[in-house]
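Input: a single structure, listed below in C-alpha cells.
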Protein chains: 2
Amino acid sequence: MATIKDVARLAEVSVATVSRVLNGNGYVHKETKDRVAKAIQQLNYRPNDVARSLFKGRSKMIALFVPDIMNPFFPELARAVEDTAKQKDYTFVLCNTDDDPEKEIAYIDALRQKSLDGIVVVSSTMSGDYVKNVDIPVIALDRILHEDLSSVTVNNREGARQAVEHLKKQGCTRIAHIAGPEHISNAKQRMNGYLDAVQQEDWFKFSYIEQGEYRFESAKEAAQRLLERHPEIDGLFVANDLMGVGALKGAEAMKISVPEELSIIAFDGITLGETTTPTLTTMAQPIYTIGSRAAEMLIQQIEQSDQGTQVEEFEVELIERESTKRRHNNDET
Amino acid sequence: MATIKDVARLAEVSVATVSRVLNGNGYVHKETKDRVAKAIQQLNYRPNDVARSLFKGRSKMIALFVPDIMNPFFPELARAVEDTAKQKDYTFVLCNTDDDPEKEIAYIDALRQKSLDGIVVVSSTMSGDYVKNVDIPVIALDRILHEDLSSVTVNNREGARQAVEHLKKQGCTRIAHIAGPEHISNAKQRMNGYLDAVQQEDWFKFSYIEQGEYRFESAKEAAQRLLERHPEIDGLFVANDLMGVGALKGAEAMKISVPEELSIIAFDGITLGETTTPTLTTMAQPIYTIGSRAAEMLIQQIEQSDQGTQVEEFEVELIERESTKRRHNNDET
DNA sequence: TTGTAAGCGTTATCAA
DNA sequence: TTGATAACGCTTACAA
C-alpha cells in the first residue's frame, strides 16, 4: 500500500502538503493541489486510518450492543445502525452481550483500546453508574438504562394500553397479559399500560398476568398455564411478538382457535408475525427508524460533544392482522 | 488513559522493558517484572491497540459480509462468527452488502484502510478475480465464490436429493421444486440435487420448477403459480426455509392443506420453520458450526499465512416436522 | 503557499 | 538484563 510519503515524493512536495490537500486544510496552490491529486490517483493512495486514529484518538467506529442477534427483534435494529454508520463513514461493530454485565464491560474495555468512538446499547443489565463513567458517548436504545443517559425508545405504556383497548373494541371481555422480565424497562412499561387499561375492570385479577421472559418457549408455556387456569380468557395482550408467536402455539396446543375463541395482540412489529398462521396482530414499533435515529444521535454526540442528554420517544402503530377479530357478543358501533 | 510511558515512569524502567513484560518477550528480571506488573495494575493500564495496529499493520479485526442481516438465515451465522472472533480476541465488524458488488468493494476498501485482518464472505456477486487480489485472507461461507478460495459450505446437492427422497418415501408421486437464484452456487446445487432425484421419473417435467428468488413473497407467488398450473403436485421441495414458509402461505391461500394434500420440505433449518403452522420439515444445516468454522479458518490463515486453500463441506440433516406426512396411497415398508 | 519536525503509543533492533 | 531509539503513517504547529 502506498503511503503519504510515496505520494509526496511522486508529486514532489512535502507530506504536509499532501496532508493538506487530503483534508482540505490550510492553503495550497491550485497547481500543486492538482499535482498531488494526480499522484494520489496514480498510486491509488488511501490514507491509513490506523495512523489517523492514533493521532486523533478517534477511530470512526461505533458499536451496537444487543443481547443476542439471533433474537428476531434485533437484526432490523442492527441493519439500521449499520446503514447509518456507513452513511456517515463509520465502521460498525456488533457485540452480543447475552445480557451479561461482565461481557458488556469486557467489550467496552476491549473496544476502548481500539479508540472506539461511541456505543448504541440495548441492555437492561448494564449498571447505570458504570455507563455514566464510560468516557465516550453512549445511547440507550429500546430500553432505558439510566435517567440521564440519552435514549431512543417508543411509547411502550401508551402503546400497550392501546393494544388492550383494541382487544376491548373487538369485543374481548376477559383480557390477560403475558409479560416480559420486569427488570427490562419496556416490559415493565408495557405491563403498566396493560394495567392502565384493565385495572378498574371488575373482572380483572392479578392472576391474569403471566411471566413469559421475552422467550418463545416460555411464552408458549405461560399461555397454556393461563388458558388452563382461566378458560374464560378471550383476549391476550403479549408483551412482544416473539412471545406472541409462542402464545399462538400455546393456544394451538390446547386446541383453542385464534381468533375465533381467543384474540391475541402483541408488540414490536417484526416480520415473524407475518409468517405465522394466523398472522399476528401487533403494535408495531418503527424499528428501523429508532435504530437509525440512535445511530445519528450517537454520531452527533461524537462529533460535537457539547450536546446534553437527549431523550426521544417514537410512537407505535396498530397493525391488524388475523389473530384478532371482532367478537359477535359485542355489537357496538 | 495511561500510556506505556506512564507505566515506565512509575515502575522506574524504560518503555522497552514494559513492552517486554507486556508481550512476554525477551528477558526481564523477576523483580522488575513484578514492579512493572504493579505499575500496570495501579494505573489500570491497557495497551493502545491502535498504536499496536499501526506498528504491526494488523488490527485484530475481522469482518463478516452478508447480503442482509434481516434475512433470518444470517443472524445465526453472525452470532457464530462473532463468538469465535471474540474467543480469539478479535473484534467483529458486520457489513450488509445487499448483494451489491459495488458495496462489497467499497467495504473492502474502507476496511483495508483500518488494517482489517480478514473477511468471511457470504456472497454470490463478488467477482472471484477481485477476491483473489484482496491482500488479506478471505473465506467464502455458505456460497462458493471461486474455485481456489477457501470455503465452508454444506453438501447442498446431496442434501437436496435426500429431501426429495424423503418426500418420495412419504408417498409423494408428483414432486415440484421452488428454486433459488441460479447465480447463487448453493441454489444451483440444490436444484441439481432435486434433478438427481426426479429426472428419470416419467412424470417429471421442467415446468415443475419455479423460481422463488430466495424471498418469502416471491416464493409464495411461485407456489401459487405452480399449484395452479399443476394441481397434481403432492410434494414440494423448496430451496430454503424462508421460501418454504412462503410456499406454506401460498398453499394456505389456495386452500390446499399441508401436509394432507401437499407435503412441503425446505432447506436450512432456521428457527422460523418452528413457528409456522404447520411447522416446516427441513434439511437442516449446522448453521452455527459452519459460521464458527469459517471464522476459525480465517483466523488460522491470518495468524499463519502458510495455509493453502481449504475447502470444508458439512452435512445437512433431516428434521421432520409437520409439513410432511406419510401418504396413504403408498404403503411400502 | 510550502516545508520541517514533533508527536500520537506501540514494538523491535541494537548496543550496552 | 536493560535502555535508547527508529519506525509504523499520519496531522499540525511553527518556521520559512
Side-chain angles (χ1 to χ4, degrees), chain A residues 1-37 39-40 43-61 89 109-117 135, chain B residues 1-37 39-40 43-61 89 109-117 135-136 303:
Chain A
M1 285 240 232
T3 75
I4 198 171
K5 275 190 199 162
D6 301 323
V7 176
R9 194 160 25 235
L10 183 59
E12 298 183 293
V13 295
S14 73
V15 294
T17 302
V18 178
S19 176
R20 274 189 282 262
V21 338
L22 235 39
N23 300 291
N25 291 339
Y27 300 97
V28 37
H29 195 81
K30 175 85 171 66
E31 261 175 36
T32 47
K33 189 197 285 198
D34 290 348
R35 234 175 37 248
V36 170
I40 287 176
L43 296 171
N44 188 28
Y45 167 74
R46 297 266 184 281
N48 180 324
D49 278 339
V50 178
R52 280 185 168 171
S53 292
L54 179 57
F55 183 85
K56 300 226 176 193
R58 317 255 229 88
S59 61
K60 286 230 157 202
M61 293 197 315
D89 230 53
D109 262 32
L111 292 169
R112 288 305 293 132
Q113 296 188 47
K114 292 193 137 55
S115 297
L116 186 90
D117 294 339
D135 57 350
Chain B
M1 285 240 233
T3 75
I4 198 172
K5 275 189 198 163
D6 301 323
V7 176
R9 195 160 24 234
L10 183 59
E12 298 181 294
V13 295
S14 73
V15 294
T17 302
V18 179
S19 175
R20 273 189 283 262
V21 338
L22 236 38
N23 301 290
N25 291 337
Y27 300 96
V28 37
H29 195 82
K30 174 84 171 70
E31 260 176 39
T32 47
K33 190 199 286 202
D34 289 348
R35 233 173 41 246
V36 169
I40 288 176
L43 297 171
N44 187 28
Y45 166 75
R46 297 267 183 282
N48 180 324
D49 278 338
V50 178
R52 281 187 167 169
S53 293
L54 178 58
F55 184 86
K56 299 225 177 192
R58 317 256 230 87
S59 61
K60 287 231 159 200
M61 293 198 314
D89 229 53
D109 262 33
L111 292 169
R112 287 306 291 132
Q113 296 188 48
K114 293 191 136 57
S115 297
L116 187 91
D117 294 338
D135 56 349
I136 52 174
E303 297 185 345

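Chain naming here is simple, since letters A, B, ... match the order of the sequence lines and numbering starts at 1 in each.
When every heavy atom of A:Leu54 is checked against every heavy atom of B:Val50, the shortest pair comes out as N-CG1, 3.4 Å. Pairing each heavy atom of A:Ser59 with each of A:Lys114, the nearest pair is CB-O, 3.5 Å. Closest non-hydrogen pair, B:Asp117 versus B:Lys60, comes out as OD2-N, 2.6 Å. Nearest approach of B:Val36 to B:Thr17, heavy atoms of both residues: CG2-CG2, 4.5 Å.
Atoms CZ (B:Arg58) and C1' (D:dA7) sit 18 Å apart, rounded to a whole Å. C:dT1 atom C1' lies 12 Å from atom CZ of A:Arg35, rounded to whole Å. Regarding A:His29, its NE2 atom lies at a distance of 13 Å from the P atom of C:dG3, rounded to whole Å.
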(request) Do nucleotides 9-16 of chain D as a string where each nucleotide becomes B, S or -: B if the base has a protein heavy atom under 4.0 Å, S if just the sugar-phosphate does, - if no protein is that close. (result) BSBB----
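Looking at residues two or more places apart in sequence or on another chain, you find a side-chain contact (heavy atoms from CB on, under 4.5 Å) between B:Val15 and B:Ile4, B:Lys5, B:Ala8.
Among the heavy atoms of the strands lying under 4.0 Å from A:Thr32 are primed sugar atoms or P, OP1, OP2 only; no base atom is included.
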(request) Test B:Thr32 against B:Val21 for side chain to side chain contact (heavy atoms under 4.5 Å, CB included), laying out the working first. (result) CA-CA 9 Å; B:Thr32 47; B:Val21 338; over 6 Å; no
